[in-house]
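Quantities reported herein were computed from a predicted structural model and do not represent experimental measurements.
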4 protein chains.
Amino acid sequence: MPALLKATASKRPKAAATPVVRGTKTKKRSSKSPKPATNLELREDSIRRLSEASFALFVAKGYHATSLDEIARAAGLTKGSIYFYFNSKQRLLLGLLEDAREAVVSPLLDHVHKIEGSATDKIAGFFRFSSLNGIEQPQKLLCLIKTSIEFRDRDDAISKRIVEIYDEIYSALETILEAGKKRGEIASTSTKELASMIVATNDGMMLEWHRRGANIDGRKLVRTVWTTFLHGIEPSN
Amino acid sequence: MPALLKATASKRPKAAATPVVRGTKTKKRSSKSPKPATNLELREDSIRRLSEASFALFVAKGYHATSLDEIARAAGLTKGSIYFYFNSKQRLLLGLLEDAREAVVSPLLDHVHKIEGSATDKIAGFFRFSSLNGIEQPQKLLCLIKTSIEFRDRDDAISKRIVEIYDEIYSALETILEAGKKRGEIASTSTKELASMIVATNDGMMLEWHRRGANIDGRKLVRTVWTTFLHGIEPSN
Amino acid sequence: MPALLKATASKRPKAAATPVVRGTKTKKRSSKSPKPATNLELREDSIRRLSEASFALFVAKGYHATSLDEIARAAGLTKGSIYFYFNSKQRLLLGLLEDAREAVVSPLLDHVHKIEGSATDKIAGFFRFSSLNGIEQPQKLLCLIKTSIEFRDRDDAISKRIVEIYDEIYSALETILEAGKKRGEIASTSTKELASMIVATNDGMMLEWHRRGANIDGRKLVRTVWTTFLHGIEPSN
Amino acid sequence: MPALLKATASKRPKAAATPVVRGTKTKKRSSKSPKPATNLELREDSIRRLSEASFALFVAKGYHATSLDEIARAAGLTKGSIYFYFNSKQRLLLGLLEDAREAVVSPLLDHVHKIEGSATDKIAGFFRFSSLNGIEQPQKLLCLIKTSIEFRDRDDAISKRIVEIYDEIYSALETILEAGKKRGEIASTSTKELASMIVATNDGMMLEWHRRGANIDGRKLVRTVWTTFLHGIEPSN
DNA sequence: GATGAATGAGCCTTCATTCAT
DNA sequence: TATGAATGAAGGCTCATTCAT
């Protein structure tokens, strides 16, 4: 697994050598941030810790297989604090999805929107931007993707939010492709399916990179993907 | 969701809402199979029911979010019977993975192996066969894919089996690509990453189809994918 | 543990190497008895097998911690056959208790009854007979003792039967002691407590021998016990 | 059963028989302890309640036959709280064993160690101290003894701890006996077996007292035992 | 702001028991 | 005679959630 992914999760303390009765825990917050002087700083620090731990664990183990206790432990806090800041496990994930949307999806769509050039330029830009972003801070993008898979066929708030976020992406891509087709820059006749394929390839690639971890070179994979996507697998003669 | 996916799961009897008089319970089993006369038939029928229900629910909700009670109910049996045939929830999934491997992966690799022609022919064959198979009986392939995502970063029997199965696929693809490169049929220089991309595209496409359900035309998606994969998105001039 | 104790229990087959689906079992009865020709022989053979397996497992693990499946497996039969012969787990144990009473308690009391001589002679005979019996076929005596401990403070059929059996023993001992005291052969003034002590010492010794197994020499222990019991720990000057 | 034994177990609230209106639940905790003001007090109070209930029930019914629900109910708490303080049923028992060792075994061995005099004095001291202790607070000693019987022939953490604790006792006794034999104070030639017999007599006596309950006079039994042990059953002429 | 205590619902698993064959 | 299939109740354990402090 890429080193970045484990950053937060690996910090967990791991209950010292079988005590007979569970003892009262000794506090420890000092590990990362030096000393959060004001209350506001404390707040932000705690929220950041919890978010990072959640991202890492939800990506590594999935939402259902991760307990709030694990998250709290990884963040150096207690379960109760999660409720203080997020109100519930579901709301915690919803918050993370919002984070991810703001940090990953919005910038991506903004970036693509600003590209001047043909539809293929824009699609290439989409791949490039998303991949680079995904390789540098994979947690947020991966959380989005894995959650979108884990919550398929559901009918809850999370599922709904996921659908909205993905619809934004589909919509943007379809606009680009439609325009490209009108200008003859794109070969395909089926806009919707091509947009789906772009998303599928992008998501599949991230998952694949996450799966194979050290066995694969992220940057090579990215380059392979978008080159292939533009020109196909066959050598251009 | 594609209609096929719900086939088994929707059959569930729903526990007959508080009967006033404790009469003779209606035998749930009679609903579908006419008469499982012998023990062997009974056995096979029950195993089939449980497997189908498990496939449907694991695909729809994921392993961790599916309870054995749900599965048993969907199969018209009780939790205990799952333990009679499989010995634990984990073993149940391992059994399904084996089913999926035999019904999906092995035929795929066999098929590709038998194709005579260039490396691109084989890769195209890979996509075509896998997609058609995946569209006609999606449960098994999807179970494999979703499980492979849900069990990343684990260290249990399921994770290990998944890795083995995927390694078979990577290995076959790399052999093909390596040979293709030697004969100049393939442009890419990076075999491992290209194999990964093929898997990523294939898995991503299945997931995408599963996600968008009725919104997308499976056959069109498939055609789009492997055309694009071979020739790229740009129109061949 | 003394070798005798494990005789039956160790035969269990131990389910062959992780099959995916639990297979249909292949029958095997031939292990011990050559071929039970008539139905009656079959009956007796099966009952003997089940009883032996039960004695061994109840002694080794206790009643509550032993499952009928384990017993059936150890006997080379199936759970159903236990119900065929014994009707329930409780009745099975009751049967064993009856066996034990007939094979261990009755002969012991008969033996002591026939001893001619002083009260101390009879008590010594009690110890000697019980110990030798206990060392040669420990299962039945140990089953009685361990059950009497496991079912203390209960109010079921088993507890009642145990009480009856032990009352027989107390009663016999008290009669002997009372007579001995009248004839000045016994020092103690407290009959009931002395009878209790005899039982306690006898049971405790069997348990101790069972506990320490190979670490202790059964015959030495027996001799130590009744010598001490008669003459005390201090050297007779 | 001796009255002391039921002390805690009989307190159980018994779930208030179907309340018609779902009113404010009466706080069960208030029954005994006045005001567990601070968290630490709450903590200690709960642990004490759970421990006492466990001791009583494990002694009365045995480990395997006692459910955590029963324990929790007897303690006026819920199952979950057991997992909050101890981490499993096994760890709960391990904790009790530690309690018992500290409260019963250690003081006993310390006491015997401090006795100045012959080996027989020490052995007599062993019996006397153990018996008095056992009669005044029987739960802990009985838990140790009954557990040691229930967990024979096992290979788990509990069995191991039991063996360690008993080895401490054997070891201390053997040292005393060995020294006694050298000084001619002890008649027997077989140290190991005599040590075993002492333990057997002591344990057997406790079990016997527990078994016969009100039918027997504990103090008389104790006196009978160690007098007999020292001087034998025969009247010293 | 954050914690430790406690709960209760739900989960996986075991097991005595029933029954048709 | 004996088995394999199936059940249902109960047990141990996890975990999201609440709350007083």
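Regarding contacts with the backbone of dG4(F), every side-chain N or O of Arg43(B) stays at 4.0 angstrom or more from both OP1 and OP2. Applying the 4.0 Å criterion to OP1 and OP2 of dA6(F), one finds that Ser46(B) has a side-chain N or O inside that range. Distances shorter than 4.0 Å separate some side-chain N or O of Tyr85(D) from OP1 or OP2 on dA6(E). Contact between the side-chain N/O atoms of Ser88(D) and the OP1/OP2 oxygens of dG12(F) is not found at any separation under 4.0 Å. Checking the phosphate oxygens (OP1, OP2) of dT3(E), a side-chain nitrogen or oxygen of Thr78(A) falls inside 4.0 Å.
When the nucleotides dC12(E), dT7(E), dG12(F) are ranked by their closest atom to the side chain of Tyr83(B), dC12(E) comes out on top. With dT3(E), dA6(F), dT1(F) as the candidates, the nucleotide lying closest to the side chain of Leu77(B) is dA6(F). Distances were taken from every side-chain heavy atom of Phe84(D) (C-beta onward) to each of dG4(E), dT17(F), dA16(E); the shortest belongs to dG4(E).
A straight line from CG of Asp69(B) to C1' of dA10(F) spans 14 Å, rounded to a whole angstrom.
The base of dT17(E) sits with one of its N or O atoms less than 3.5 Å from a complementary donor or acceptor on the side chain of Lys79(C).
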*For DNA chain F, what string of dots and brackets results from 5' to 3' when Watson-Crick and G-U pairs need both distances under 3.5 Å, crossing pairs get [ ], and pairs with another strand get |?*
.||||||||||||||||||||
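Among residues two or more places apart in sequence or in another chain, the side-chain contact (heavy atoms from CB on, under 4.5 Å) test is passed with Asp156(C) by Gln90(C), Phe151(C), Arg154(C), Ile158(C), Ser159(C).
Rounding to the nearest 0.5 angstrom, the gap separating the CG atom in Leu92(D) from the CD1 atom in Ile71(D) is 5.5 Å.
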